[in-house]
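Sequence lines set the chain letters: A, B, ... in the order given, protein chains first and strands last, and positions in each chain run from 1. The analysis underlying the following values was restricted to heavy atoms, covering all of them including side chains, and did not include hydrogens, waters or symmetry mates.
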There are 2 protein chains.
Amino acid sequence: MEQSSTEEATAAAGGSRIQRRNRARISEAALDVFAQHGYRGATLDQIAERAGLSKPNILYYFSGKEEIHVTLLNQLMDRWLAPLRRIDPDGDPLTEILTYVRRKLKMSQKYPRESRLFANEILQGAPRIAPHLEQDLKPLVDGAAATIQGWIDAGRIAPTDPRHLIFSIWATTQHYADFAAQVGVLVEEKSPTDGAEQFLTTLFTRMLQPRRD
Amino acid sequence: MEQSSTEEATAAAGGSRIQRRNRARISEAALDVFAQHGYRGATLDQIAERAGLSKPNILYYFSGKEEIHVTLLNQLMDRWLAPLRRIDPDGDPLTEILTYVRRKLKMSQKYPRESRLFANEILQGAPRIAPHLEQDLKPLVDGAAATIQGWIDAGRIAPTDPRHLIFSIWATTQHYADFAAQVGVLVEEKSPTDGAEQFLTTLFTRMLQPRRD
DNA sequence: CGTTAAGTTGACCATTTGGTAAAAGACCAC
DNA sequence: GTGGTCTTTTACCAAATGGTCAACTTAACG
């Protein structure tokens with residue numbers, strides 16, 4: 001009894017080696033397809049082919065297209081919110097925020113498909129992730145905004161709206177993943193994110209450096 | 001002969017009143033659907049229903065799904081690039097750039113569907129708009145970047161990478177249209193773009209205000 | 001080994017999808 | 001009004017899509 005509950009409860013790392021391997025393959029393939037075509041534009045056949053499995057076999061591991069999508073979204077949210085959690089209210093304000101910016105930029109660089117998956121979901125009105133936003137993201141952002149507001153009130157960074165500051169960090173960092181096709185046309189460098197790190201550091205330093213009013 | 005070429009050439013405002021009216025209805029409906037679901041996720045049936053026309057009737061006006069999409073994209077690009085063209089190399093640098101920021105933000109506010117349509121297309125790798133980017137967008141951006149670099153060289157705004165500056169303007173302004181579903185969860189105000197204008201003005205003012213090194 | 005459970009697949013299905021053909025209907029100049 | 005064009009619809013199609021099922025194969029393990 002205890003065993004069966006352990007087996008089925010989290011459904012995270014559970015299952016045999018085969019189960020873990022094939023679930024991973026499917027997630028990998030589905031991430032490609034959903035990130036590029038969005039939920040409705042993705043097909044099980046595409047996912048199956050890219051995963052090297054047959055379509056019925058995929059439906060042996062996931063109950064349907066939607067479950068695959070939701071699973072990806074859940075995995076994503078953890079990774080996505082991690083950098084925000086690491087902002088330390090007791091750290092140096094400018095350092096904390098610039099570190100956050102660099103972490104977010106690294107995420108765009110390292111997980112562009114995750115960024116696009118998320119962008120697609122939000123573009124479509126967040127039909128499947130809205131609960132997560134409300135329950136997980138919102139309190140986190142409220143906390144971060146309070147921290148930043150505290151820094152502002154203490155005169156340690158220049159005053160501004162914390163929430164819009166956070167939006168601007170998300171927007172500018174994720175842009176390099178979500179709009180890579182456009183950035184690639186307009187920039188010669190092999191890796192535009194190199195120039196991006198330099199630029200964003202400057203942008204948010206100038207924005208936040210405390211100034212005598 | 002001259003007449004027939006005039007009739008069929010541009011295919012813009014051509015056709016009878018009925019043609020113009022129905023083409024407009026279809027464009028309107030297709031913009032809704034493509035913006036929300038992306039190219040592959042959109043269906044002719046959805047477009048037809050929203051346009052109040054039958055599916056075959058839609059295919060009387062457009063040769064197929066792809067032609068509708070391409071038509072929308074073409075119409076979009078004109079409107080989209082207009083603010084960039086209006087940057088005046090002879091104007092006051094900071095004013096010019098802040099005016100550009102505000103115009104872009106207003107576009108996000110007024111044409112969120114167009115913004116999402118564009119975002120969707122780029123997310124998918126710009127398969128249908130890549131030529132436009134190369135031919136229309138790139139030279140425009142090159143010109144604007146040169147203008148900004150000129151201002152920097154003259155010491156009239158603080159030094160930075162012009163291209164990444166442009167990216168950051170696009171990213172921050174379009175964010176309020178493309179990620180509206182997320183912004184709506186996190187901000188109480190009825191119109192987050194109000195706070196956004198204030199914030200972005202501050203952001204780019206602090207970024208660009210010339211400083212004695 | 002052999003047996004049992006886990007994993008895989010080919011054949012199939014109902015629905016949806018982009019698109020077509022042809023006939024019916026609306027419009028318009030004469 | 002009448003002939004001819006422009007517009008719309010009804011009926012239809014082939015392909016694609018999400019999903020099922022029963023049969024088959026493979027792995028696990030005493």
Requested in this report: Please confirm whether any donor atom in the side chain of A:K65 sits under 3.5 Å from an acceptor in the base of D:dG19, or the reverse.
Outcome: no
Evaluate whether atom [atom1] of [X] has more than 12 neighbouring non-hydrogen atoms of other residues, nucleotides or ligands under 6.0 angstrom away.
X      : atom1 : result
B:R21  : CZ    : yes
B:Q198 : CD    : no
A:E49  : CD    : no

State whether [X] places a side-chain N or O below 4.0 Å from either non-bridging phosphate oxygen (OP1 or OP2) of [N].
X     : N      : value
A:Y60 : C:dG7  : yes
A:R40 : C:dT17 : yes
A:S16 : C:dA6  : no
B:S54 : D:dT8  : no
A:R17 : D:dA28 : yes
B:Q19 : D:dT7  : yes
A:N22 : C:dA6  : no
A:N57 : C:dG7  : no

Euclidean distance, atom [atom1] of residue [X] to atom [atom2] of [N] [Å, nearest integer]:
X     : N      : atom1 : atom2 : answer
A:L53 : D:dT25 : CG    : C1'   : 15 Å
A:D45 : C:dT17 : CG    : C1'   : 14 Å
A:H37 : D:dG18 : NE2   : P     : 12 Å
A:I58 : C:dA6  : CD1   : C1'   : 18 Å
A:K55 : C:dA14 : NZ    : C1'   : 12 Å
A:L44 : C:dT16 : CG    : C1'   : 14 Å
A:Q46 : D:dT17 : CD    : C1'   : 11 Å
B:E49 : C:dT16 : CD    : P     : 13 Å

Once you apply a heavy-atom cut-off of 4.0 Å, does [X] come out as touching a base, just sugar-phosphate, or nothing?
X     : value
A:T43 : sugar-phosphate
A:F62 : nothing
A:A48 : nothing
B:L59 : base

Query raised in the report: Salt bridge check: are A:R128 and A:E66 linked by an N-O gap of less than 4.0 Å?
Result: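 So A:R128 pairs with A:E66 through a salt bridge.
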Query raised in the report: Do B:D178 and B:R116 sit within salt-bridge range, that is, some charged N less than 4.0 Å from a carboxylate O?
Result: no
Report the nucleotide, chosen from [options], that has the shortest atom-to-atom distance to any side-chain atom of [X].
X     : options                : answer
B:Y61 : C:dT20, D:dT8, D:dC21  : D:dT8
B:P56 : D:dT17, C:dT20, D:dC21 : C:dT20
A:I18 : C:dT8, C:dG10, D:dT9   : C:dT8

Query raised in the report: So which one's nearest nucleotide on DNA chain C is more toward 5', A:G52 or B:Y39?
Result: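 The residue closer to the strand's 5' end, by nearest nucleotide, is A:G52.
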**Report entry** Separation of A:L31 CG from A:I47 CD1 (nearest 0.5 Å)
**Finding:**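 Between A:I47 CD1 and A:L31 CG, I get 10.0 Å after rounding to 0.5 Å.
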